[in-house]
Amino acid sequence: MACLGFCGEWFLTAWSTKLIAIHTKEPREPFVFCCSHAEKRAKIPKDVNSSDGDTAEDTESDRILAFAISSSGNLMALTDDTKRLILFQREPSWHCVSIRWVSRRCTSLVFSQAEDELLVADKSGDVYSFSVVEPEKDGELKMGHLSMLLAVTISADDQYIITADRDEKIRVSHHRSPYNIQSYCLGHHQFVSTLEIPSGHPHWLLSGSGDGTVKLWEFESGRNLQSWDLRQLEDNPSSDTAKEKNIAVFRVSSSPDGRDVAVLCEGVMKVYIFTLDQTSHEKLGLHSKLQLFHRPLDIGFDMEGRLWVLLNSGDVPLQIYSLRQNSWECDTEIDDLRRVTDILRTYWSTTDNFTSVTNHFEHLYKVSFDNMSVYLQKKQQRIVEHQLKRTKAQKTKCHKRSKKNPDEDLTQPST
């Protein structure tokens, strides 16, 4: 996967096995961390009779699966396919604080607002809590789902843990007692892929799903405030192809002032910009659609409210959009963009392939089928087969009788 984020004035991106941090304002030396060169875990002999539910041990790599940045921008954590959990600190200079190990491959990370805890959601449906104050301490099981977790976030007051799973559910649990469930946010028809609590709206939650919708919730009560079906925003929303096409929301990102929301879908060459307005009847309103010329990989707002788009292109890996006179315009001639782009080309061009992008969510869609149709089809097949057997048996009987009758005629005495 490829993703981006901001730690203050530092632009961060993770691609394949590399993490790169680039200062956007000053010509500082970039920080580069490669998971392939990180500490390896000692191999533990496996019991052939045991089954731990993780069958891909032999195919694991050092590919980065997820990362998270603390609210202050001083801490950053990532997890990779080798089940490392790596904690970084920005001040006084970028450095690795600790490398710990998780039980299962992770899908999402989030720091608490107090920045003393790191929550890790994994593919088996569990959430583990790792201490930031004690960076060498092992994680503790916090809570669990019966389905694979795809996203986790935490409320602005650290009171609630919000988790989303493959079975269309969003669960709001109390942080200190996760067995105490505050509410469920129900309404998606496919897996919930991303969660976002917008800045300045601590009681609201934005969610994106494999059903192609973005929903706005009042998460403490589980009430759905508004929903947008992004398939209806396509150029030909009424066509059969548009209706059958799976559109999964990959990222929902809000600006620092909480006014603007950017939405990115898997495989769609657009970024949808919405506006949040607490006083309006339409609290989540569509503002604009940004057409892109390369496949987008991730999006994120910087501290100035500008939208950065990471693209699947070696020539144009980044674009920046700024809001001017109520219109989002692409900035092409700014120092920040040139500085970051030049460094990205240096570190990515020799070892990474920009075109090696696959659909992250295709395997998460549930296959629907009609049991009655299958039953009736098999029943009709059995009837046809039975009729064929009866017909064949009757033909065989008649053939035997025809062979037997001539012999009987020859043995009858003449009168």
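Nothing fancy with the numbering, it's 1 onward along the sequence.
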note = Sorted by chain and residue number, the ring pair (Phe, Tyr, Trp, His ring centres under 6.0 Å) partners of Y128 (sequence neighbours excluded) come out as none
ask   = Minimum heavy-atom separation for I162 to L195, with atom names?
value = O-CD1, 3.7 Å
task = Could I get the full list of ring pair (Phe, Tyr, Trp, His ring centres under 6.0 Å) partners for F31, not counting sequence neighbours?
result = F88, W94
inquiry  = Using every non-hydrogen atom in the two residues, find where V133 and S131 come nearest and quote the distance to one decimal.
reply    = N-OG, 3.3 Å
inquiry  = Under the criterion side-chain hydrogen bond (donor to acceptor under 3.5 Å, both in side chains), I'd like the reasoning laid out for S313 against D315: C-alpha separation, chi angles, the key distance, then a yes or no.
reply    = CA-CA 5 Å; S313 170; D315 297 327; 5.0 Å; no
inquiry  = Checking W217 now: which residues fulfil ring pair (Phe, Tyr, Trp, His ring centres under 6.0 Å) with it, not counting sequence neighbours?
reply    = none
message = For K40 versus S36, what's the shortest heavy-atom pair and its separation?
response = NZ-O, 3.3 Å
Check: D81 main-chain N/O paired with R105 side-chain donor or acceptor under 3.5 Å = yes
inquiry  = Just so I know, are the side chains of R251 and E196 near enough to count as touching, which here means a heavy-atom distance under 4.5 Å?
reply    = no
Residue pair S209 / H189, side-chain donor-acceptor N/O under 3.5 Å = no
message = For a side-chain contact (heavy atoms from CB on, under 4.5 Å) check, start with the C-alpha distance between L337 and R306, then their side-chain angles and the critical distance, and finish with the verdict.
response = CA-CA 11 Å; L337 180 62; R306 299 178 300 180; over 6 Å; no
inquiry  = Looking at every heavy atom in both H145 and T163, which two are closest together, and how far apart are they?
reply    = NE2-OG1, 2.7 Å
task = Compute whether any side-chain donor of one residue and acceptor of the other, for H37 and D62, lie under 3.5 angstrom apart.
result = no
task = Look at the side chain of Q226 and the backbone N and O of K283, then say whether any donor-acceptor pair between them is shorter than 3.5 Å.
result = yes
inquiry  = Using only atom types and a distance under 3.5 Å, with no angle test, would you say the side chain of H95 pairs donor to acceptor with the backbone of S93?
reply    = yes
ask   = Would you say the side-chain atoms of R100 pair up with the backbone N or O of P135, donor to acceptor, closer than 3.5 Å?
value = yes
task = Taking atom CD of E140 as the centre, report whether more than 12 heavy atoms of other residues, nucleotides or ligands fall under 6.0 Å from it.
result = no
request  = Output yes when a side-chain donor or acceptor of R84 lies under 3.5 Å from a complementary backbone atom of I99, and no otherwise.
outcome  = no
Donor-acceptor contact present, side-chain K289 to main-chain L233, <3.5 Å = yes
task = May I ask you to decide if V172's main-chain N or O and S183's side chain share a donor-acceptor pair within less than 3.5 Å?
result = no
request  = Return each pair, listed once, that meets ring pair (Phe, Tyr, Trp, His ring centres under 6.0 Å) where at least one residue sits in residues 262-282; pairs must be two or more places apart or across chains.
outcome  = W228-F274
T82 side chain to S61 backbone, donor-acceptor under 3.5 Å = yes
query = Is atom CD of E282 surrounded by more than 12 heavy atoms (other residues, nucleotides or ligands) closer than 6.0 Å?
reply = yes
message = Please check if the number of heavy atoms outside R324 that lie under 6.0 Å from its CZ is greater than 12.
response = yes
Nearest non-hydrogen partners of P30 and I22, listed with the distance = CB-CG1, 4.3 Å
remark   = H174 meets the ring pair (Phe, Tyr, Trp, His ring centres under 6.0 Å) criterion, sequence neighbours left out, with Y160
message = Just checking I383: does its CD1 atom have more than 12 heavy atoms from other residues, nucleotides or ligands closer to it than 6.0 angstrom?
response = yes
query = Just checking, is any N or O donor in the side chain of S71 or E115 under 3.5 Å from an acceptor N or O on the other one?
reply = yes
ask   = Under 3.5 Å, is there a donor-acceptor pair between the side chain of S108 and the main chain of V152?
value = yes
task = To the nearest 0.5 angstrom, please state how far the NZ atom of K142 sits from the OH atom of Y179.
result = 10.5 Å
task = Assess the side chains of D336 and T24: does a donor N or O sit below 3.5 Å from an acceptor N or O?
result = no
query = Is it true that the side chains of D116 and S112 contain a donor and an acceptor less than 3.5 Å apart?
reply = yes
task = Write out all pairs satisfying ring pair (Phe, Tyr, Trp, His ring centres under 6.0 Å) with one or both partners inside residues 298-317, taking only residues at least two apart or from two chains.
result = F6-W308, F11-W308
ask   = Just wondering, more than 12 heavy atoms not from M269 lying within 6.0 Å of its CE?
value = yes
query = Quick check: does any side chain N or O of D298 sit under 3.5 Å from a backbone N or O of L310, one acting as donor and the other as acceptor?
reply = no
request  = List the atom of L311, the atom of L318, and the distance in Å for their closest heavy-atom pair.
outcome  = CD1-C, 4.4 Å
inquiry  = Nearest 0.5 Å, please: how far is SG in C265 from CG in L230?
reply    = 4.5 Å
